[in-house]
Amino acid sequence: MVAIETNPPLAQAYNKIRSRKPSVTCEHNHTNEREPEIHYEALPLVDLKGLTSNDDNERAQCVAQIVSASSEWGFFQVVNHGISPKLLNQMRREQMELFDTSFSRKSTCGLLNNSYRWGTASATSPQDFSWSEAFHIPLTKISDKTCYGEFSSLREVMVEYARAMQNLAGLLAGVLITNLGQKIEDFEENICCDESTCFLRLNKYPICPVSPEIYGMVPHTDSDFLTIVHQDQVGGLQLMRGSKWVAVKPNKDALIVNIGDLFQAWSNNMYKSVEHRVMSNAKMKRFSVAYFLCPSYDSLIKSCCKNPSLYRDFTFGEYKLKVQEDAKLLGRKIGLPRFLRL
């Protein structure tokens, strides 16, 4: 029996990039050189049961924990988040089955709105290459039966999963917006974040036999308001804390939440969008699912704080366009520094 190749040709793509002569000098000097041993560190853990408590002090304490983690870490974990373990496990099983189909089928058959991607097409150096594959799906397409082909059971799970993540993201965003002194109604009047603007991303990080220094996902910040991630227990996620990388210890009962660029700009740097990355693994493949709370492209992003804004006003569409331009020219995203006031 002939073995079916399920992984994309990552090694070939990586070696091709490595053989090129450098043609562009990037503004940021990221390297993959071996770093000192990085220890696992537990993220702040927030029990969201406190938000629905009848005790005012418990509610206030839960809010304070969310705000503190968003300001000091840019990352935190949540438990008692309202999403059932059964649904999370179903999503993981369906995701693994989807990625286990042949590479030729994933890349040519138009699955999930033709959203399959792998490696980094824009990479100009090995340091800009991600050893991963993904389906990056707009929520508007998740209920579309024509997107699933023979993976019909995935649709029902995806619809339920997306709805649950939307509810959780709305809850957390509401806490962070209210803490800034802004009414939810005022925010929603200017910013639309719903099924027409948000995304789910199914990630697989295949085994990487080439080098332990290759990134599964290159260092980056997220171009949204916030991201919610359900990861497996393999590990590999790292974030920048101060001037050092720390590895996130997996917690099977928790979801990971991180602040995106838009909340950093909206809060005038009160909330931090922190650079993070995923390291490759030579022995085990890794899976995760990420939900991105994004606004419409014409949404105007501006600081809601009274202090002078560090950033000029910009639309989400303008921001995405600049990210794409930088990726094409430099091989990586620059992000918020492009929009600082001079």
Side-chain angles (χ1 to χ4, degrees), residues 4 6-8 10 40 43 45 48 75-103 105-106 111-113 115-118 130-139 141-143 147-169 172 198-208 216-217 222 226-238 247-258 276-281 283-293:
I4 298 176
T6 62
N7 291 336
L10 293 163
Y40 278 99
L43 294 179
L45 184 66
L48 294 185
F75 270 77
F76 56 97
Q77 297 181 102
V78 293
V79 293
N80 289 318
H81 41 67
I83 302 177
S84 73
K86 179 181 178 181
L87 176 59
L88 294 174
N89 290 334
Q90 286 177 325
M91 184 71 253
R92 181 55 39 78
R93 286 194 298 270
E94 294 286 350
Q95 173 187 15
M96 293 173 71
E97 182 178 345
L98 175 66
F99 279 112
D100 278 345
T101 195
S102 69
F103 169 66
R105 173 139 181 72
K106 286 182 290 190
L111 281 172
L112 296 179
N113 194 46
S115 62
Y116 180 71
R117 57 187 68 178
W118 61 275
S130 293
W131 193 278
S132 59
E133 56 180 322
F135 288 89
H136 192 81
I137 315 118
L139 263 58
K141 293 295 182 180
I142 283 179
S143 61
C147 288
Y148 290 89
E150 71 271 28
F151 298 96
S152 56
S153 60
L154 174 61
R155 177 178 174 271
E156 182 178 346
V157 176
M158 288 271 284
V159 169
E160 184 179 356
Y161 189 94
R163 185 182 303 116
M165 286 294 175
Q166 276 186 276
N167 291 337
L168 178 56
L172 295 170
C198 300
F199 293 82
L200 274 183
R201 182 182 175 102
L202 312 184
N203 298 304
K204 177 186 175 184
Y205 301 89
I207 292 171
C208 179
M217 182 69 69
D222 289 351
L226 61 81
T227 306
I228 304 174
V229 177
H230 177 225
Q231 65 168 349
D232 60 21
Q233 299 303 295
V234 173
L237 175 63
Q238 299 177 355
V248 176
K249 185 177 181 179
N251 181 334
K252 65 181 180 62
D253 298 317
L255 298 174
I256 293 174
V257 181
N258 68 273
H276 52 286
R277 65 189 186 185
V278 177
M279 302 308 294
S280 61
N281 192 305
K283 297 181 179 179
M284 301 178 70
K285 53 190 174 184
R286 178 181 183 269
F287 293 91
S288 68
V289 183
Y291 170 91
F292 299 95
L293 185 67

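Here CD of Gln77 is found 9.0 Å from CG of Leu255. Values are rounded to the nearest 0.5 Å. Rounding to the nearest 0.5 Å gives a distance of 10.5 Å between CG of Asp232 and NZ of Lys285.
Aromatic rings of Tyr161 and His230 (six-membered ring for Trp) have centroids beyond the 6.0 Å cut-off, not under it.
Residues Phe151 and Glu94 fail the side-chain proximity criterion, which asks for heavy atoms closer than 4.5 Å. At least one side-chain heavy atom of Met217 sits less than 4.5 Å from a side-chain heavy atom of Tyr205. With contacts defined as side-chain heavy-atom distances shorter than 4.5 Å, the pair Leu45/Val79 qualifies. Residues Phe99 and Pro206 have side chains not in contact (no heavy-atom distance under 4.5 Å, counting atoms from C-beta outward). Asn258 is not listed as a side-chain neighbour of Ile228, based on a closest heavy-atom distance of 4.5 Å or more. Between Leu112 and Tyr148 there is a side-chain heavy-atom pair separated by less than 4.5 Å. Residues Gln95 and Phe135 are not in side-chain contact: their nearest non-hydrogen atoms beyond the backbone lie 4.5 Å or more apart.
With 3.5 Å as the limit, one finds a donor-acceptor pair spanning the side chains of Thr227 and Asp222. Arg93 and Gln90 share no donor-acceptor pair across their side chains, judged by distance under 3.5 Å alone.
Every residue two or more places apart in sequence or in another chain was checked for a salt bridge (Lys or Arg N to Asp or Glu O under 4.0 Å) with Lys141, and none qualifies.
Test Lys106, Arg286, Arg201 against Glu133 for salt bridge (charged side-chain N to carboxylate O under 4.0 Å, His left out) and you get one pass: Lys106.
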Practice prompt. Kindly indicate, with the supporting measurements, whether the criterion side chain to side chain contact (heavy atoms under 4.5 Å, CB included) is fulfilled by Ile142 and Arg155.
Written response: CA-CA 7 Å; Ile142 283 179; Arg155 177 178 174 271; over 6 Å; no
Discussion item. If you apply the rule ring-ring contact (aromatic ring centres under 6.0 Å, His included), what do you find for His136 with Phe292, and how did you get there?
Written reply: CA-CA 10 Å; His136 192 81; Phe292 299 95; 5.6 Å; yes
